[in-house]
Amino acid sequence: MSRFEAKKPSLCTSEPLMSEGVRATLSVLKGIVTSCYGPSGRLKQLHNGLGGYVCTSSQSSALLHHLSVTHPVLKILTTSVQNHVSCFSDCGLFTAILCCNLIENVQRIALTPTTVISLNKHLLSLCTSYLKSEACGCRIPVDFSRTQVLLCLVRSILTSKPACMLTRKEIDHISALILQAFLLTIPENINDHIILGTSIIVPLKGQRVVDSTVLPGILIEVSEVQLTRLLPAKKSGALKVAVFCTTLSGDVSDTGEGTVVVSYGISLENAVLDQLINLGRQLVSDHIDLVLCQKVIHPSLKQFLSVHRVIAIDRIGVTLMAPLSKVTATICSLLLCNRNDTIWDELKLTCQTALHVLQLTIKEPWVLLGGGCTETHLAAYIRHKTHNEPESILKDGEYTQTELLLIAEAFCRALESVAGSLEHDGGEILTDMKYGHFWSVQADAPSVVNWPDLFSQCGCGLYNSQEEFSWSFLRSTHHPFVPQTCLPHEAVGSASNLTVDCLTAKLSGLQAAVETASLILDLSYVIEDKN
Amino acid sequence: MACCSMVAAGSAKAALQVAEVLEAIVSRCVGPEGRQVLCTKPTGEVLLSRDGGRLLEVLHLEHPIARMIVACVSSHLKKTGDGAKTFIIYLCHLLRGLHAITDREKNSLISENIQTHGRHWKNCCQWKFLSQALLTFQTQILDCIMDQYLSRHFLSIFSLSDKERTLCRGSLELLLEAYFCGKVGRNNHKFISKLMCDYFFKCTTYKSETSVFELVDDYFVELNVGVTGLPVSDSRILAGLVLHRDFSVYCPADGDIRTVIVTGTVQPVFSTTGSELILNSEAQFQTSQFWILERTKAIMKHLQSQNVKLLLSSVKQPDSVIYYAGLNGISVVECLSSQEVSLLQRIIGLSPFVIPQASSQCEISNAALVKFCKPLFLRSKRYVHLGLISTCAFVPHCIVFCGPVQGLIQQHEDALHGAFKMLRQLFEDLDLNYVTQISDQNDTSRPVIYGDSKESNQLPETGNGSIQRPHQDTIGKNKNELENTQTCIPCSTPKLTSADTLQTDETLRCLSSEKDRIVDDYEPLLESNSTTNSITENTRIEIYENLQVTKVAGRGSMLPVRYKLYKMCTSQSYCSSSMPAGCVLPVGGNFEILLHYYLLNYAKKCQPSEARVSVIIANALLGIPKILYKPRKGIYSFPQIYIRTLRALKTSQPMVSSQTGLESVIGKYQLLTSVLQCLTKILTIDLVISVKRQPHKAYDQDSEDEL
């Protein structure tokens, strides 16, 4: 009997962003994501008070997965970031921080949400079209005939995940392995469209990270007893393989909806087992060397096969079955070693991210300058555009120039604070007034006469401070300048150790952040169903 | 034990309180400046919405009057897909207008100390008469105003050339942009309206709109796919149909692909329902299994020999079928929903393939061709993408909705679905029927116009049975019977009877008896009118204030009266007209201001008692433009717009709209009708009794039905 109960009325709250509680929780969330950002980001340990798994990570996917967010406004934000990450794997923290910054900055400005949302959209499209244009001064083309930029990309990803606890040498080793694994999934004969193979990450816990390796093909786990039995069966040349995706357990299959009457003394199970043994005979007579079964193989059949020197492996599972059944596809296994379970999980997640980012880079063969340089450069570009060429946005006559400048400043500040979040040790951040790049100074630096003496490279590593720059503090007021666009080709060629980001992931993160911030700013009511 | 408690205030007052609360919520979401509402479900899902109907639904209102209002709104939405927020705002303004009048009456007249209880019942009486007057207005006067005055301002989204109507993209874009302005976020409405426009033109062939609307409306869920995590601007239209599942077996094939649909398992079953299979030996069991396998193999071979390359199944097929399909190069998609199967059937006109029981290798007649069939990757999910070759008017296309969160995707899907409903209605003609009489013909104080429209056949429930309008929806519906109907007119009763059997004596008798009753019923109304003379004077002052600016527009308007199929019947008093499909007006409260203006004009010409209702409605109509122009200043503020519009009407000059965009007239008309019906319902309730007991279950009735 179903219970018949009247529904409780919902709770309706107006102007959720005006409430102190929401602002406070938003700033807590911002604090969490900001402190995790970048290579020197702080780690978070997440565990349930009731026991169970402890997760140590600084990655957005791990953090947001374990955090339980209750307020609906925050839920929108975290869900949006999670959705972005499940599509692009990378730039989750960037999205979250930018979104929080945008919401926070805009709230200080007394403009209607509609104006803010429309202008933010204009600014976003300025950004996206710039990042996609040839003139863009913060992106580098990827040359797939050379591994240089690709290695930089993978290394940047590994470096930005401090919870992996890798040394410099280990980072180099794992980066090379990841790139190798990725290249193994590219089929040799490329037609009009490439279908990439799969790389399977196999855990090898208890060994040193540098022992990790890449093998072409699939690894299937086999018990030691089986292995010893297999070894004598090893023969030269190719093995003949039979793959079953149905069960070979000897269950009586579906007998339909009618009644089946079985006479006394007749065993259907025996009948089925007979058929299984017949199958075994057939396999033997077909000279099959290896039988793989997704589900369970009946012990009698296994016995029969092993007597006839056929290797039988069952319970392969659906995850391995998919690449197995694609005989033509290219598959490789990345054996990932680590002595610590928690760190292994983080490392695996990072490897998956890197592999995915490489796949995305095939589709859009560009990378963006990392280390905060893209953000500061982009902010400089937007500031320059809105100050000197506001006509394109203001042509409808819907907004005044003051409104545009206010919103643009909030937008640029939001971008710059994302870059600023890379610095966790109280250091000072500057931008140069030529390229608009990101430079940081250590906190304990002596009071100085000459800034450039304190740092050698910008955030991405493309420029060094030998040039005569004029400097500006990131937190101070900015004078718009024209950031130099069109990267010189030789500049890219010479730099071998750049920090770079995936263009596709970052671009999408930027869009997700602005769209989500607009959504949240547009909320006039929250209706909570209390049933 | 039932425990009753009376709610002292009449329903009208309660309704106003409720409506004002709802108005406060919806008015923030109305129009281009409207904002979003975030709704959470008990399951933890979040939904973003600006859709009034959705908001009212998720509020889970407790108050009985509120629930009644919500029910009215949702039944209106089911039909039209638009106008929930406007519904609430109209209703609120109407209730406010009614209160203003009755409050004034109280102050001026009921100064003598009547017992509060007595006053309550007296008030209720008054509400009831008002509700009758509203009903009369809705069913009889509105059509006339629409047809005789408003129609001259109508524009059409069709461009007419040589009697052929064609839909131009520009007009549709204007219409949709205005529609989505109120439905989706400000940063997305242009994109979504373009998407919808593209979709519409891709899906429709020449002159097939109506059937396409129907199909899209019915199968909206099957025709779109949502992808979270991508920016909204990645949303796109795909040719063909996307099935929300993956292939069980995929065998790439080129060229046209022959397809069959099955609704059962291809493999013969071991035993069928109701039968008994007796196994006497193990060999028997093995043989029968072997036979089943061989049979499956033969069927799949046969399908291959008939060049079938794709098998669509509504059920899960056994492993052997999948295996043999793979061997024979046949792709298989399993577990299609019944909706998907019926959509496929409608698009490609294909009936399910029946697997032959005997081994006769017959030709497969019911197979269809598909241009392509391939897996589609959206994010990490896999779908089946079919290039269907349509045999109906609908050219199959799907929409992929992208967005950062599911809640936003849902909003866009809902908005598009609503837009199709709105268009579906816009593309239909609306019949306007009403009877006019020259007012000096006799001295009745009844409304001189009878009306009926096809759409208003949903009869409002009147509180008690004393006023019956059971014949309303038949009047004039059948135009052949118009002559008969007219014979009734000289009787000068306010009621017309059923046209079904007019020639019989019985009807006449019925007519006369009803006449008596109606006279009875109207007596109290006359009474109340006489007692409220002083107030009507007050209202009239108001009217004059308004009209000083407006005066009366000349009949000889210079604006073109477009596409009006005006038909005068033999008797000059009967008009049957229709509002052609595709009538639109510029957005920004044009409909409301126009109707307001003509209603005031109308009120001036008729009796004070009728004028009262018209004036209330006319003033309530302004509620929407007032909200729309609230954020505007200077010459775009509401008073300025209002004065300019009325001046233009007075001098018969074309009206200037500050906004681009069009809105459906039929939608607005329907909305007003629905609101008036809802208000009528509210006013006829005199007491709200709350029963504090668990509601009865409706089990008994169900079980009876089953028996």
Side-chain angles (χ1 to χ4, degrees), chain A residues 4-10 12 14 16 72-73 75-76 79-88 112-114 117-118 120-121 245-246 253-263 266-268 270-272 274-275 508 511-512 515-516 518-520 522-531, chain B residues 24-25 28-29 32-42 44 46 48 55 58-62 185-188 227-233 269-286 289 318-320 323 379-380 403-408 631 694-695 697:
Chain A
F4 201 94
E5 223 172 75
K7 285 205 165 171
K8 274 179 263 166
S10 303
C12 187
S14 84
V73 171
K75 205 173 245 170
I76 285 275
T79 320
S80 173
V81 174
Q82 282 175 303
N83 286 336
H84 163 81
V85 171
S86 65
C87 278
F88 300 96
T112 61
T114 25
I117 291 164
S118 309
N120 269 348
K121 192 186 162 89
C245 59
T246 56
S253 59
D254 182 28
T255 50
E257 284 166 354
T259 325
V260 178
V261 181
V262 184
S263 305
I266 292 173
S267 160
L268 295 186
N270 280 345
V272 178
D274 274 357
Q275 284 175 318
S508 165
Q511 284 169 303
E515 276 184 9
T516 312
S518 298
L519 263 184
I520 292 173
D522 208 9
L523 296 178
S524 67
Y525 279 98
V526 173
I527 300 175
E528 283 173 87
D529 193 331
K530 291 289 180 189
N531 288 295
Chain B
I25 297 177
R28 288 214 211 164
C29 309
E33 303 280 330
R35 294 171 61 191
Q36 303 265 15
V37 174
L38 180 67
C39 315
T40 65
K41 288 185 188 167
V46 285
L48 287 147
L55 297 184
V58 297
L59 278 170
H60 294 304
L61 297 168
E62 245 178 356
R186 190 179 168 80
N187 46 346
N188 292 323
V227 184
T228 53
L230 298 178
V232 175
S233 53
V269 283
F270 197 73
S271 62
T272 52
T273 324
S275 73
E276 200 168 78
L277 182 78
I278 300 170
L279 290 174
N280 289 320
S281 70
E282 285 164 17
Q284 207 178 8
F285 175 66
Q286 286 171 350
Q289 283 212 319
D319 287 347
S320 59
Y323 174 71
R379 217 177 105 176
S380 48
V405 282
Q406 180 59 34
L408 190 66
Q694 286 290 304
K697 292 187 188 81

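Lettering of chains follows the sequences in order, A, B, ..., and the numbering in each one begins at 1.
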Below 4.5 Å, heavy-atom pairs only: which of [options] has the largest tally toward chain A?
{"options": "B/Val227, B/Asn280, B/Leu55", "result": "B/Asn280"}
{"options": "B/Ser233, B/Ser281, B/Gly185", "result": "B/Ser281"}
{"options": "B/Leu61, B/Leu230, B/Val269, B/Asn188", "result": "B/Leu230"}
{"options": "B/Gly403, B/Pro318, B/Ser320, B/Cys39", "result": "B/Cys39"}
{"options": "B/Arg35, B/Arg28, B/Glu62", "result": "B/Arg35"}

Select one option (side chain, backbone, both, neither) describing which atoms of [X] are under 4.5 Å from chain A's heavy atoms.
{"X": "B/Val232", "value": "both"}
{"X": "B/Leu48", "value": "side chain"}
{"X": "B/Ile25", "value": "both"}
{"X": "B/Gln284", "value": "neither"}

In terms of heavy-atom pairs under 4.5 Å with chain B, the winner among A/Ser508, A/Ser86, A/Cys12 is A/Ser86
Return the option, out of A/Gln511, A/Lys121, A/Glu515, A/Glu528, with the maximum number of heavy-atom pairs under 4.5 Å with chain B. A/Glu515
Contact check, side chains of [X] and [Y], non-hydrogen atoms, under 4.5 Å:
{"X": "A/Asn83", "Y": "B/Val405", "answer": "yes"}
{"X": "A/Val73", "Y": "B/Leu38", "answer": "yes"}
{"X": "B/Gln286", "Y": "A/Gln275", "answer": "yes"}
{"X": "B/Val37", "Y": "A/Ser524", "answer": "yes"}
{"X": "A/Asn270", "Y": "B/Phe285", "answer": "no"}

[X] side chain vs [Y] backbone, donor-acceptor pair below 3.5 Å:
{"X": "B/Glu282", "Y": "A/Ser267", "answer": "yes"}
{"X": "A/Ser10", "Y": "B/Val58", "answer": "yes"}
{"X": "B/Arg379", "Y": "A/Cys87", "answer": "no"}

Hey, what do you get for [atom1] ([X]) to [atom2] ([Y]), rounding to the nearest 0.5 Å?
{"X": "A/Ser518", "Y": "B/Arg186", "atom1": "OG", "atom2": "CZ", "answer": "12.0 Å"}
{"X": "B/Gln36", "Y": "A/Tyr525", "atom1": "CD", "atom2": "OH", "answer": "14.5 Å"}
{"X": "A/Lys75", "Y": "B/Thr40", "atom1": "NZ", "atom2": "OG1", "answer": "7.5 Å"}

Between A/Thr114 and B/Glu33: side-chain donor-acceptor atoms closer than 3.5 Å: yes
My understanding is that only residues two or more places apart in sequence, or in another chain, count here; which of them pass side chain to side chain contact (heavy atoms under 4.5 Å, CB included) with A/Val262? A/Val260, A/Ile266, A/Leu268, B/Leu279
Could you walk me through whether B/Leu408 and A/Leu519 pass the side chain to side chain contact (heavy atoms under 4.5 Å, CB included) test, one step at a time? CA-CA 9 Å; B/Leu408 190 66; A/Leu519 263 184; 3.5 Å; yes
What part of A/Pro113 lies closer than 4.5 angstrom to a heavy atom of chain B: side chain, backbone, both or neither? side chain
Heavy-atom proximity to chain B below 4.5 Å, by part of A/Thr246: both
Checking A/Asp522 against B/Asn187 for the side chain to side chain contact (heavy atoms under 4.5 Å, CB included) test, could you report, in this order, the C-alpha distance in whole Å, the side-chain angles of both residues, the deciding distance, and whether it holds? CA-CA 10 Å; A/Asp522 208 9; B/Asn187 46 346; 5.5 Å; no
